[in-house]
> 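For reference, the structure I am asking about is given below.
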Number of protein chains: 2
Amino acid sequence: MRPQEQQPAVSADQTDLGEAASKLRALSGQLTRRLRAASEGDGVTMSQAAVLSRLNRQGPATTVELARAERVRPQSMGATLSALEEAGLVQRSPHPSDRRQMIMSLTEQGHRKIAEGRRIKESWIVQALRDQLDDRERAVVIEAIELLGRLTEDN
Amino acid sequence: MRPQEQQPAVSADQTDLGEAASKLRALSGQLTRRLRAASEGDGVTMSQAAVLSRLNRQGPATTVELARAERVRPQSMGATLSALEEAGLVQRSPHPSDRRQMIMSLTEQGHRKIAEGRRIKESWIVQALRDQLDDRERAVVIEAIELLGRLTEDN
DNA sequence: TATTGTTATACTCTATAACTATA
DNA sequence: TATAGTTATAGAGTATAACAATA
């Protein structure tokens with residue numbers, strides 16, 4: 001916890017951007033490991049959770065659509081979906097007009113898993129955000145998550 | 001690009017924190033894939049780059065020290081270090097007083113790889129930060145990277 | 001021909017378990 | 001006994017290549 005610092009954080013010239021990118025890469029690896037460790041034991045991996053969450057947000061979708069949205073190859077998404085199907089969390093139904101395609105959707109159990117995950121997961125980061133940041137810092141982090149999310153969605 | 005919004009971003013109550021954590025997890029996966037894709041072809045993986053960067057910042061260190069710092073098991077760090085050694089980017093020297101330990105340090109080639117990486121890598125994220133965010137948003141993201149870095153280092 | 005999806009194969013990252021050498 | 005490191009093995013995530021079915 002720190003005293004409130006109301007000055008503008010940093011001047012964002014080119015050097016800072018390279019520096020920021022470098023730190024972001026390191027941060028990305030650290031976060032991945034910490035979050036994975038925090039959410040292990042709930043039976044779904046992070047990739048699987050991302051797909052469940054997306055199906056929940058956006059409704060049923062095909063393998064190729066999900067692969068594009070998550071920016072992985074259809075083969076990789078196929079593997080993730082197979083695991084989810086085997087776990088009974090998603091189901092595939094035939095596409096009404098195109099027999100090549102399969103529509104993936106959440107099962108009842110999949111919906112329950114998402115609700116459960118909302119409650120249990122990410123406890124490490126929630127506590128860290130609450131206990132180690134002051135109000136202003138928390139607002140900065142929350143907004144940055146939105147902004148970075150926008151950058152990874154666009155292109 | 002957006003008009004400047006000077007209002008405080010969000011009030012950070014418990015619900016927001018869970019929401020933020022959930023988004024952060026999704027973001028983490030997306031960033032990992034994007035950054036890996038952006039830096040592939042330079043011959044070092046993200047884990048290897050993290051170790052090179054740390055050795056460059058903090059100087060020579062043992063396997064166990066590096067494992068603790070990066071929050072991986074010594075076995076995992078050992079594998080990363082073996083790959084880096086085989087690539088000629090780090091070297092191991094005996095610890096002066098404890099013959100169990102090995103001191104890892106950057107080779108000349110390792111230093112060059114880091115300098116090269118600074119120039120080439122992360123171009124996607126640098127461009128995105130520069131082109132898709134305004135000054136205030138950039139400052140928010142840069143500060144949040146620092147804050148989140150602090151959270152993953154502590155604990 | 002192009003698209004959707006699958007199967008086969010391989011590499012990276014990480015983990016656990018069991019071991020050796022040294023302290 | 002405890003610590004530093006290695007070897008063996010396994011699972012998740014991802015990729016490329018080759019293929020079948022369908023459009």
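In this text, all values refer to a predicted model and were calculated from it rather than measured experimentally. We name chains A, B, ... by the order of the sequence lines, and we start the count at 1 in each one.
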> For A/Arg92, which contact category applies under a 4.0 Å heavy-atom criterion: base, sugar-phosphate, or nothing?
sugar-phosphate

> Determine the minimum heavy-atom distance between B/Gln48 and B/Ala83, stating which atoms define it.
NE2-CB, 3.5 Å

> In plain terms, say whether B/Arg54 and B/Glu65 are close enough for a salt bridge, that is, a side-chain N and a carboxylate O under 4.0 Å apart.
no

> Using modelled atom types and a 3.5 Å cut-off, is there a donor and acceptor pairing between side-chain atoms of B/Lys113 and backbone atoms of B/Asp42?
yes

> Which whole-number value in Å describes the distance from A/Glu86 CD to C/dT6 P?
14 Å

> On DNA chain D, reading 5' to 3', which nucleotide is the first and which the last to sit with an atom under 4.0 Å from a heavy atom of chain A, could you check?
D/dA12 to D/dA23

> Considering all heavy atoms of both residues, which atom of A/Ala87 and which atom of A/Gln109 are nearest to each other, and what is their separation?
O-NE2, 3.7 Å

> Just to be sure I understand the geometry, which residues of residues 95-103 of chain B put a non-hydrogen atom under 4.0 Å away from DNA chain D?
B/Arg100, B/Gln101, B/Met102

> Report yes if some heavy atom in the side chain of A/Leu66 is under 4.5 Å from a heavy atom in the side chain of A/Leu55; otherwise report no.
yes

> Please check: side-chain N/O of A/Ser82 versus main-chain N/O of A/Gly78, any donor-acceptor pairing under 3.5 Å?
yes

> Is B/Arg112 salt-bridged to B/Glu116, going by a charged N under 4.0 Å from an acidic O?
no

> Between A/Arg138 and A/Glu143, is the closest basic N to carboxylate O distance under 4.0 Å?
no

> Closest-nucleotide mapping onto DNA chain D: is B/Arg33 or B/Glu65 further toward the 5' terminus? I mean the 5' end.
B/Glu65

> For A/Arg68 and for B/Gln48, locate the closest nucleotide of DNA chain C by heavy-atom distance; then report the residue assigned to the nucleotide nearer the 5' terminus.
A/Arg68

> Using a 3.5 Å limit on both distances, find every run of at least three consecutive Watson-Crick or G-U pairs that involves DNA chain D.
C:1-23 with D:1-23

> Decide yes or no on side-chain contact (heavy atoms from CB on, under 4.5 Å) for A/Arg150 and A/Leu147, but give the supporting numbers first.
CA-CA 5 Å; A/Arg150 213 173 79 203; A/Leu147 291 170; 3.6 Å; yes

> Is the distance from OP1 or OP2 of C/dT12 to the nearest side-chain N or O of B/Thr80 less than 4.0 Å?
no

> So what does B/Thr62 touch, heavy atoms closer than 4.0 Å: a base, only the sugar-phosphate, or nothing?
sugar-phosphate

> What's the shortest heavy-atom distance between B/Ala144 and A/Val141, and which atoms?
CB-CA, 4.0 Å

> What is the distance, to the nearest angstrom, from the CD atom on A/Gln30 to the P atom on C/dC13?
14 Å

> So, is B/Ser47 close to the C/dT12 phosphate, meaning a side-chain N or O under 4.0 Å from OP1 or OP2?
no

> Is the phosphate of C/dT16, meaning OP1 or OP2, less than 4.0 Å from a side-chain N or O of B/Arg73?
yes

> Return the nearest nucleotide to the side chain of B/Gln75; candidates are C/dT16, C/dT14, C/dG5.
C/dT16

> Heavy atoms only: give me the nearest B/Ile103-B/Pro94 pair and the separation to one decimal.
CG1-O, 4.2 Å

